[in-house]
Visitor: 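Input: one structure, supplied below.
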Amino acid sequence: MNAREQWGTRAGFILAAIGSAVGLGNIWRFPYVAYENGGGAFFLPYLFALLTAGIPLLIMEFTLGHKYRGSAPLSYARFTKKAEWIGWWQVAISFVIATYYAVIIAWAISYTFFAFNQSWGEDTGGFLMGEYLQRVDIVSGGAPGDFGSLVPGVLIPLIVVWIITLGVLFKGVKRGIEVANRIFIPLLVAMFLLIVIRAVTLEGALDGLNAFFRPDWAEIMSPGVWVAAYGQIFFSLSIAFAIMITYSSYLPKKADINNNAFITGFSNSSFELLAGIGVFAALGFMASASGTTVADVADAGIGLAFVVFPEIINTFPGFNGFFGVLFFGSLVLAGLSSLISIVETFISGLQDKFQISRAKAVAFGGGLSALISLLYATQGGLFFLDAADYFINQFGVALAGLVSVIAVAWFVKGLPTLQNHANGVSDFRTGAWWKVCLGVITPIVLGYMFIQNTVINLTSNYEDYPTSFLLVSGWGVALGAIIVGFILAAFKWKKSALELPAEQSEKGVDQ
C-alpha cells in the first residue's frame with residue numbers, strides 16, 4: 001500500500017481547513033442571517049452553537065480522518081463497515097456542490113472584470129438576469145426546467161475555474177492544496193481588510209454597523225433564531241461534506257486535533273464577523289446615498305453579491321473600480337479555496353476505493369464534475385442551481401450530519417474511542433462536554449431542523465417552483481446522493497485496503 005500523502009506543515013493544514021470553511025457563504029450569508037435574527041443579540045446563540053456543535057463536530061471529523069487515515073468512505077469503513085455508505089453519501093453531496101459552486105466562482109471572475117468600468121450599468125439586477133446570465137424566462141419566455149443554450153460569458157470563466165482547481169489538485173496535497181492555500185488565504189484576508197477599512201470610513205457606515213450590531217434581545221427567546229445560529233455554524237464550517245475527514249487524514253501521527261479544531265472554528269467565525277462589518281458598513285453607505293434605510297437595501301446570497309454590491313460600487317466615492325475588484329476578487333479566492341477542498345473529497349475517495357493514481361482520480365472525478373457543471377452555465381442554469389443548492393444543503397449536508405452523529409454516538413457508541421485518540425495527541429483534553437454536545441445537543445438541534453425543513457417543503461414548494469421541476473432538480477438530487485452512497489459502498493474493497501497503514505515517517509513535518 002502506498003504511503004498516504006501528508007501536509008508539509010501544521011500551518012499548511014490549518015490554512016487549508018480555514019480555506020475550506022471560509023467560502024462564499026461567509027461573505028454573503030452570515031451578515032444577513034445575523035441582521036435578520038437579532039443583530040448583536042444573535043452572537044450569543046451563534047457562539048453557543050459554535051461551542052456545542054461546530055467545534056465538537058470538527059473534533060469528531062478531524063479525529064475520524066486522523067485515526068483511520070483515509071478519505072471519508074475509507075475512514076468510516078475502518079471505523080465500522082456498516083457506516084461506509086455515510087462517507088460515500090457525504091462524498092456525493094460534495095460532488096453535487098462542486099458542480100454548481102464552480103459556476104458561482106465563474107460569475108465572480110466575470111464581475112471582477114466588470115468592476116473596472118462598472119459594465120453592469122445602473123440596472124444591476126436587470127444586467128445580471130438579462131444581459132449576463134441570459135435567464136431563459138427573460139430572453140425566450142422559458143420556464144424552470146428549460147435548459148436554453150450555453151452562455152459564453154459564464155462558460156469561459158468556468159473553464160478557467162476548473163483549470164485552476166484541477167491543476168492544483170493534480171499537484172497533490174503538499175505541493176498543490178497546501179501551496180495554493182498559503183497564497184489564497186493571506187491574500188483573501190488582506191483584500192477583505194482593505195474593503196472593511198475603506199467601507200467603515202464612508203458616510204452612513206455607522207448607520208449600517210448600528211443595524212448589524214444593535215441587539216434585539218427579544219429575539220433570543222425565538223427558537224428560529226437558535227436554529228438559524230446552528231444552521232449558520234453548520235453550513236459555514238464544511239461539516240458533513242467529507243472535507244474535514246479527508247484533510248485530517250493527511251496529518252502526521254502526532255497532530256494536535258483539539259487545538260486545530262478550535263483554531264479552525266474561531267478563524268472561520270472571525271472572518272464572518274469581518275465580513276459582517278464590511279458588508280453592513282457598505283450597506284449603510286448605500287442607504288445614506290439613496291436616502292433610504294439599511295432595511296431597504298439589505299439582502300443575502302446572490303442578490304447581495306451580484307445586485308446590491310454593484311449598486312454600491314456605482315455610487316462609491318473615488319476608486320470605485322478598485323473597490324469592486326477587491327470585493328469580487330475576494331469572492332473568487334474564497335470560492336476557489338473551498339472548491340479545491342470539495343473536489344478533493346471525491347478524488348481521495350476514488351483513490352482509496354479503486355486504488356488508482358491521483359492523476360486518474362482527478363481526471364475522472366474532476367473531469368466529470370466539470371462536465372456536469374456545464375448544466376449551470378446554460379440560460380436555465382440559475383433555476384437548476386437554486387433548487388440543487390437548497391435541497392442538497394437542507395436534505396443533504398444537514399441530514400448527513402445528523403445521521404453521522406447518531407451513527408457514531410448512538411449506534412456504534414464510538415465517542416469514547418475517538419475522544420481517547422484526540423486527547424492522546426492534543427495539548428488539552430476534552431471531557432464530558434464533548435460527548436454531551438455530540439450525543440445530545442447536536443442530534444436534537446439537527447433533528448429539529450430536519451423535521452422543520454421537511455414540513456415546510458412538503459406543505460409548500462420552494463420558491464413556488466413547479467412540483468415536477470423540484471422532484472427532479474431538488475428532491476431528486478438530494479435523494480440521488482443517498483442512493484449513490486449505498487451503490488458505491490456496495491463495491492468491494494481491494495485486498496488489505498481496510499487495514500490501517502504502517503506508521504508513517506514524520507520527518508520534515510513542522511509541529
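Keep in mind that this is a model prediction, so the values were computed, not measured.
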Visitor: Are a donor atom and an acceptor atom from the side chains of Ser337 and Asn181 found within less than 3.5 Å of each other?
Guide: no

Visitor: Measure the CD1-CD1 distance between Ile97 and Ile392 for me, rounded to the nearest 0.5 Å.
Guide: 6.5 Å

Visitor: So which heavy atom on Leu166 is nearest to which on Gly366, and how close?
Guide: CD2-CA, 3.7 Å

Visitor: Can a side-chain donor-acceptor contact be found between Glu311 and Thr124 if the only test is distance below 3.5 angstrom?
Guide: yes

Visitor: For Asn453 and Gln394, indicate whether the former's side chain and the latter's backbone hold a donor-acceptor pair under 3.5 Å.
Guide: no

Visitor: Taking the ring of Phe395 and the ring of Trp475, is the distance between their centroids below 6.0 Å?
Guide: yes

Visitor: Closest heavy-atom contact between Ala361 and Gln351?
Guide: CB-CG, 3.8 Å

Visitor: Is the distance between the ring centroids of Phe384 and Phe147 less than 6.0 Å?
Guide: yes

Visitor: Between atom CD of Gln90 and atom CD1 of Ile245, what is the distance when rounded to the nearest 0.5 Å?
Guide: 5.0 Å

Visitor: Between Val445 and Trp226, does the side chain to side chain contact (heavy atoms under 4.5 Å, CB included) criterion hold? Intermediate values first, please.
Guide: CA-CA 9 Å; Val445 174; Trp226 290 83; over 6 Å; no

Visitor: Using modelled atom types and a 3.5 Å cut-off, is there a donor and acceptor pairing between side-chain atoms of Asp146 and backbone atoms of Ala143?
Guide: yes

Visitor: Checking the side chain of Trp85 only, and the main-chain atoms of Val484 only, is there a donor and an acceptor separated by less than 3.5 Å?
Guide: no

Visitor: Is the ring pair Tyr35/Phe280 parallel, tilted or perpendicular, if the boundaries are 30 and 60 degrees?
Guide: tilted

Visitor: Verify side chain to side chain contact (heavy atoms under 4.5 Å, CB included) between Leu326 and Phe192, making sure each step is shown before the conclusion.
Guide: CA-CA 7 Å; Leu326 283 179; Phe192 214 84; over 6 Å; no

Visitor: Side chains of Tyr462 and Asn457 only: does a donor on one sit below 3.5 Å from an acceptor on the other?
Guide: no

Visitor: So which heavy atom on Ala388 is nearest to which on Tyr376, and how close?
Guide: CB-OH, 3.8 Å

Visitor: With a sphere of 6.0 Å drawn around CD of Gln452, does it hold more than 12 non-hydrogen atoms of other residues, nucleotides or ligands?
Guide: yes

Visitor: Heavy atoms only: give me the nearest Asn37-Gly224 pair and the separation to one decimal.
Guide: OD1-O, 4.2 Å

Visitor: For the CE atom of Met244 and the OG1 atom of Thr345, what is their distance to the nearest 0.5 Å?
Guide: 12.0 Å

Visitor: For the backbone of Ala400 and the side chain of Ser404, can you confirm whether one donor and one acceptor N or O come within less than 3.5 Å of each other?
Guide: yes

Visitor: Hey, is the main chain of Val22 close enough, under 3.5 Å, to the side chain of Ser338 for a donor-acceptor pair?
Guide: yes

Visitor: Say you draw a straight line from CD1 of Ile487 to CD1 of Ile483; how long is it, rounded to the nearest 0.5 Å?
Guide: 6.5 Å

Visitor: Is the side chain of Asp137 donor-acceptor paired with the backbone N or O of Gly142 at a distance under 3.5 Å, no angle test?
Guide: no

Visitor: With a 4.5 Å heavy-atom cut-off, do Val151 and Thr378 have their side chains touching?
Guide: no

Visitor: Going by atom types only, do Ser20 and Ser238 share a side-chain donor-acceptor pair under 3.5 Å?
Guide: yes

Visitor: Apply ring-ring contact (aromatic ring centres under 6.0 Å, His included) to the pair Phe328 and Phe309, showing each step before the final yes or no.
Guide: CA-CA 9 Å; Phe328 289 108; Phe309 253 87; 7.5 Å; no

Visitor: Among Asn320, Val279, Leu283, Leu304, whose side chain to side chain contact (heavy atoms under 4.5 Å, CB included) with Ile312 holds?
Guide: Leu283

Visitor: Any chance the rings of Tyr46 and Phe30 have centres within less than 6.0 Å?
Guide: yes

Visitor: Any non-hydrogen side-chain atom of Ile243 less than 4.5 Å from a side-chain atom of Glu344?
Guide: no

Visitor: Not counting sequence neighbours, which residues clear side-chain contact (heavy atoms from CB on, under 4.5 Å) with Ile138? List them please.
Guide: Met129, Arg135

Visitor: What is the ring orientation for Phe469 with Tyr465, classed by angle as parallel under 30°, tilted 30 to 60°, or perpendicular over 60°?
Guide: perpendicular

Visitor: Check the pair Val179 / Lys171 against side chain to side chain contact (heavy atoms under 4.5 Å, CB included), numbers first and verdict last.
Guide: CA-CA 10 Å; Val179 170; Lys171 286 287 188 179; over 6 Å; no

Visitor: Going by heavy atoms in the side chains, are Ser236 and Asn268 under 4.5 Å from each other?
Guide: yes

Visitor: Are any of the side-chain heavy atoms of Val362 and Arg358 separated by less than 4.5 Å?
Guide: yes

Visitor: Return the minimal non-hydrogen interatomic distance between Glu5 and Val173, and the atom names on each side.
Guide: OE1-N, 3.0 Å

Visitor: Is the distance between the ring centroids of Phe114 and Trp120 under 6.0 Å?
Guide: no

Visitor: So, for Tyr132 and Tyr111, is the gap between ring centers shorter than 6.0 Å?
Guide: yes

Visitor: Has Ser94 got a side-chain atom pairing as donor or acceptor with Phe241's backbone, closer than 3.5 angstrom?
Guide: yes

Visitor: Could you grab the distance from atom OH of Tyr247 to atom OG1 of Thr264, nearest 0.5 Å is fine?
Guide: 11.5 Å

Visitor: With a 4.5 Å cut-off on side-chain heavy atoms, are Val96 and Asp389 touching?
Guide: no

Visitor: Is there a side chain to side chain contact (heavy atoms under 4.5 Å, CB included) between Leu237 and Leu58? Walk through the geometry before answering.
Guide: CA-CA 8 Å; Leu237 275 179; Leu58 276 178; 4.1 Å; yes

Visitor: Is the closest side-chain heavy-atom distance between Arg198 and Thr201 below 4.5 Å?
Guide: yes

Visitor: Salt-bridge test for Glu272 and Arg29: reply yes if a basic N is under 4.0 Å from a carboxylate O, no otherwise.
Guide: no

Visitor: Is the backbone of Glu122 close enough, under 3.5 Å, to the side chain of Asn314 for a donor and an acceptor to pair up by distance?
Guide: no

Visitor: Using every non-hydrogen atom in the two residues, find where Gly54 and Ile233 come nearest and quote the distance to one decimal.
Guide: CA-CG2, 3.5 Å

Visitor: Between side-chain atoms of residues 206-216 and protein atoms elsewhere (two or more places apart, or another chain), which donor-acceptor pairs fall under 3.5 Å?
Guide:
unit_1	atom_1	unit_2	atom_2	d
Asn210	ND2	Leu206	O	3.3
Asp216	OD1	Ala218	N	3.4

Visitor: Under the 3.5 angstrom rule, does the side chain of Ser248 hit a backbone N or O of Phe62 as a donor-acceptor pair?
Guide: yes

Visitor: Identify which one of Tyr101, Tyr100, Trp162 satisfies the side-chain hydrogen bond (donor to acceptor under 3.5 Å, both in side chains) criterion when paired with Ser373.
Guide: Trp162

Visitor: State, yes or no, whether a side-chain contact exists between Leu331 and Thr112 at a heavy-atom distance under 4.5 Å.
Guide: no

Visitor: Please confirm whether the backbone N or O of Ile456 pairs with a side-chain atom of Thr459, one donor and one acceptor, at under 3.5 Å?
Guide: yes

Visitor: Could you measure the distance from the CG atom of Leu382 to the CG atom of Leu385? Nearest 0.5 Å is fine.
Guide: 6.5 Å

Visitor: Is there a side-chain contact between Leu15 and Glu178 (heavy atoms, below 4.5 Å)?
Guide: no

